[in-house]
Structure formats: C-alpha cells, structure tokens
Number of protein chains: 2
Amino acid sequence: MSQSSRKILSEHSVSITNPRILVLEALLDFGNPITIDELQLKLGGSVAKSTLYRVLNDLKKINILNEFTSPDNSTVVELILEDHSHHHHLFCSDCGEVIDVELSEEFEIMLTKEIQKVQKKFNFEITDHRVEMFGLCTDECANCKKS
Amino acid sequence: MSQSSRKILSEHSVSITNPRILVLEALLDFGNPITIDELQLKLGGSVAKSTLYRVLNDLKKINILNEFTSPDNSTVVELILEDHSHHHHLFCSDCGEVIDVELSEEFEIMLTKEIQKVQKKFNFEITDHRVEMFGLCTDECANCKKS
DNA sequence: TAATAAATGAGACTTATTCTCATTTATTGT
DNA sequence: ACAATAAATGAGAATAAGTCTCATTTATTA
C-alpha cells in the first residue's frame with residue numbers, strides 16, 4: 001500500500017511527501033467515496049487541516065481525485081485510478097453513504113446519444129456527465145436512524 | 001406576476017409576506033436555475049440575508065424549490081411548479097450557467113429500468129435521480145472568458 | 001380592530017475552506 | 001552523500017456561506 005501511493009505520486013510527477021502518502025493511503029484504504037469529515041477522522045490529526053485541503057487540490061490537479069457535494073451538503077471525495085471506470089453515484093439520504101454504481105453498456109450508449117442531442121440543441125460542448133440516484137438503504141445499516 | 005406569487009403562497013397555506021413575494025417574483029422572473037449570489041443581486045438588498053435563507057427554506061418545505069450545488073460549488077436554486085416536469089441539468093464550466101434539460105421518454109424509461117436493477121443489487125429504495133451534464137457553451141456567451 | 005402567533009432585520013455566531021508566513025522537507029546536481 | 005534551492009508543511013488568522021438570536025414588525029383571526 002505504501003508502495004502504491006508512492007508510485008501514484010511519482011507517476012504523476014508530484015513530489016513524494018508524508019502528508020500526500022497519508023492522504024492517499026487513507027483514500028485507497030477506504031476504497032469508496034468518503035466525506036472530508038470522515039477522511040479527517042481517519043487521518044486522526046496526522047495531517048494539518050490546511051495541508052489536507054492542499055493535498056486534495058493537488059490530487060484534483062493531476063486528475064486522480066473527484067470531488068462532489070452530496071445531497072446533505074457534505075463534500076465527498078474519491079480517487080479515480082486507471083482501473084476505476086466510468087460510474088455514477090447512489091446516495092443514502094439517511095446515513096449519507098455514497099456508493100459507486102456502474103450502469104449497463106446499453107444504457108451508457110443511449111445516454112451518449114441523448115447527450116449528442118442536447119449538445120446540438122443548446123450549442124454546448126459537453127465534456128462529462130453523471131447520474132445521481134438518491135434513496136434509502138433499506139437494510140440493516142448501523143448508521144441509519146431507521147426513523 | 002404579483003398575482004401568481006401570492007397565489008402560490010396561499011395555495012400552499014403559507015402566509016403572504018413581502019419578502020416571500022419578492023423572492024418568488026425574482027425566481028419566477030429569472031425563470032431558470034439561479035445561484036444564491038445572483039438571486040441576492042437581483043433582490044438588491046430588499047430582503048435581509050437571514051430572511052432570504054429562511055424564505056428559501058420555507059419554499060423547500062412546501063416542495064416548490066429545488067436546491068443543488070453546481071460543479072463550481074455555488075448553491076443553485078430553482079422553482080419547481082406544476083408545469084415544470086422532470087428534468088436534468090446542463091452546466092457551463094466557464095460561465096457557470098445552468099440550463100434545464102428534458103431527455104427523451106425512451107431514455108427515461110430505460111433509466112427507470114437501470115434504477116430498478118440498482119435497487120435490487122444494493123438493496124436500496126431509490127426515490128429520486130438526476131442526470132448532470134458538464135461542458136462549455138461554445139457560443140457567443142457574454143459571460144464566458146473564452147480562454 | 002385588538003390579540004396572538006408568525007415573520008423579519010440586524011448583526012452575532014458557526015463552520016468549511018483558503019490564505020499567510022515562518023519553518024521544514026524533498027529534489028537536484030555535484 | 002551533501003549543499004543549495006525550490007517546494008511543501010503546520011499553525012493559526014482570514015474569509016465567506018449559512019444559521020441563530022432576539023427585539024421589533026407584520027399577518028392572521030375572531
């Protein structure tokens with residue numbers, strides 16, 4: 001793990017520093033989209049707040065980090081490595097969990113066609129898209145209030 | 001216009017006050033998703049900041065206001081009135097404009113099927129979804145930096 | 001129109017994120 | 001391996017979006 005975080009950094013010609021390794025390892029270890037709050041918890045003060053935000057920005061700049069806002073307004077961050085193909089997000093409105101979801105090939109093809117229509121109609125150059133789904137994990141989730 | 005904003009409020013059994021009328025009229029007048037910054041500009045100080053946020057929350061509570069975060073992290077707000085059917089959003093990464101987009105019926109049907117698959121796979125109850133598209137308005141947009 | 005409950009304005013407060021600057025650490029060329 | 005240089009870091013100050021408080025005003029109702 002320590003190995004691969006260093007590799008990621010050097011492959012992107014970013015200098016290898018302790019905070020960067022720690023943040024990358026936390027993200028690799030969690031393996032799912034994570035809120036900045038949770039990430040800070042996981043790091044347990046080993047990286048200064050200002051440095052954490054700087055490191056996240058560095059990772060965004062080299063295009064291996066995706067940042068978005070969940071419906072409950074927390075900032076969520078996720079690594080996008082080579083093996084991490086195009087996907088979408090599923091949010092639990094109760095516990096805030098975020099899950100990566102891949103949709104079928106046929107669906108993506110159809111969506112691409114729709115997007116082409118939208119491009120023409122609005123004279124836009126569309127570079128990216130995502131599907132967000134919201135709901136409740138109906139299961140035995142320990143964090144859900146089950147209200 | 002003044003007429004319809006009052007009507008909207010009374011139809012939802014919300015008391016008719018000046019700030020509420022002003023905010024609703026600004027939203028109706030703009031007619032598109034609008035950032036809170038722009039909305040404040042449009043209101044030109046006629047409504048106190050704290051009141052603006054309270055009114056927006058009131059409108060959310062009666063389910064006629066949708067709020068989301070744009071890719072550049074500004075909060076965007078839009079009215080959802082009866083005639084405003086299911087739609088998605090197109091964002092310009094340069095000027096920040098947000099446009100409502102309807103996708104084809106066939107696409108929505110296929111998306112519904114995909115969502116059913118996701119529900120089963122993750123044991124989720126999915127209540128809502130949206131498609132977000134990002135790009136650049138290639139046209140003669142006065143606000144785009146054309147960098 | 002008076003009584004009551006609800007809404008407002010002004011500004012204090014909170015919290016996420018960014019900025020500053022003195023110090024530390026990584027990189028590089030020898 | 002080492003010194004010089006540039007880059008990154010930590011600590012905390014600064015900023016800004018959004019919320020809260022409370023005294024005053026406004027809407028509703030009977």
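Sequence lines set the chain letters: A, B, ... in the order given, protein chains first and strands last, and positions in each chain run from 1.
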Inset, instruction - Name the orientation class of the two ring planes belonging to B:His89 and B:Phe68 (parallel below 30°, tilted from 30 to 60°, perpendicular beyond 60°). - result: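 Geometry flag for B:Phe68 against B:His89: parallel rings.
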Interatomic distance, [X] [atom1] vs [N] [atom2] [rounded to whole Å]:
X       : N      : atom1 : atom2 : answer
B:Lys60 : D:dG18 : NZ    : P     : 9 Å
B:Asn18 : D:dT28 : CG    : C1'   : 16 Å
B:Glu38 : D:dA17 : CD    : C1'   : 16 Å
B:Arg54 : D:dT21 : CZ    : C1'   : 10 Å
A:Leu52 : D:dA11 : CG    : P     : 14 Å

Inset, instruction - For A:Thr51, answer base if it contacts any base atom (sugar-phosphate contacts may also be present), sugar-phosphate if it contacts only those atoms, and nothing otherwise; contact means non-hydrogen atoms under 4.0 Å. - result: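 Result for A:Thr51 = base.
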Inset, instruction - Output the rest of the hydrophobic cluster of B:Ile109: all Ile, Leu, Val, Met, Phe, Trp and Tyr residues reachable through side-chain heavy-atom contacts under 4.5 Å, sorted by chain and number. - result: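 B:Ile109 clusters with nothing; isolated.
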Legend entry - Apart from B:Ile80 itself, residues in the same hydrophobic cluster as defined by side-chain heavy atoms under 4.5 Å: none
Qualifying residues under salt bridge (Lys or Arg N to Asp or Glu O under 4.0 Å), relative to [X], sequence neighbours excluded:
X        : value
A:Lys61  : none
A:Lys113 : none
A:Lys117 : A:Glu114
A:Glu106 : none

Legend entry - Pairing residues for A:Lys60 by the side-chain contact (heavy atoms from CB on, under 4.5 Å) criterion, not counting sequence neighbours: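 Partners of A:Lys60 by the side-chain contact (heavy atoms from CB on, under 4.5 Å) criterion, ordered by chain and then number, come out as A:Asn57, A:Leu65, A:Glu67.
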Legend entry - Residue whose nearest DNA chain D nucleotide is more 5′ - B:Ser15 or B:Ile36: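 Final value for this comparison: B:Ile36.
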Inset, instruction - Using ring-ring contact (aromatic ring centres under 6.0 Å, His included) as the criterion, list what pairs up with A:Phe134, not counting sequence neighbours. - result: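 Partners of A:Phe134 under the ring-ring contact (aromatic ring centres under 6.0 Å, His included) test: A:Phe91.
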Legend entry - ring-ring contact (aromatic ring centres under 6.0 Å, His included) against B:His12, all qualifying residues, sequence neighbours excluded: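 Applying ring-ring contact (aromatic ring centres under 6.0 Å, His included) to B:His12 gives none.
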Legend entry - Terminal contacting nucleotides, 5' and 3', DNA chain C versus chain A (heavy atom, 4.0 Å):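 The contact span of chain A on DNA chain C goes from C:dA16 to C:dT27.
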Inset, instruction - Please work out which residues in residues 41-50 of chain A have a non-hydrogen atom less than 4.0 Å from an atom of DNA chain C and list them by number. - result: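 Residues of residues 41-50 of chain A that come under 4.0 Å of DNA chain C are, in numerical order, A:Lys49, A:Ser50.
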Inset, instruction - Please determine, by modelled atom types, if A:Ser5 and A:Arg20 share a side-chain donor-acceptor pair under 3.5 angstrom. - result: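 A:Ser5 vs A:Arg20: no donor-acceptor pair found between side chains.
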Inset, instruction - Report the end-to-end axis angle of the helix from C:dT1-D:dA30 to C:dT30-D:dA1; each axis comes from five terminal pairs, and the value is rounded to 10°. - result: 50°
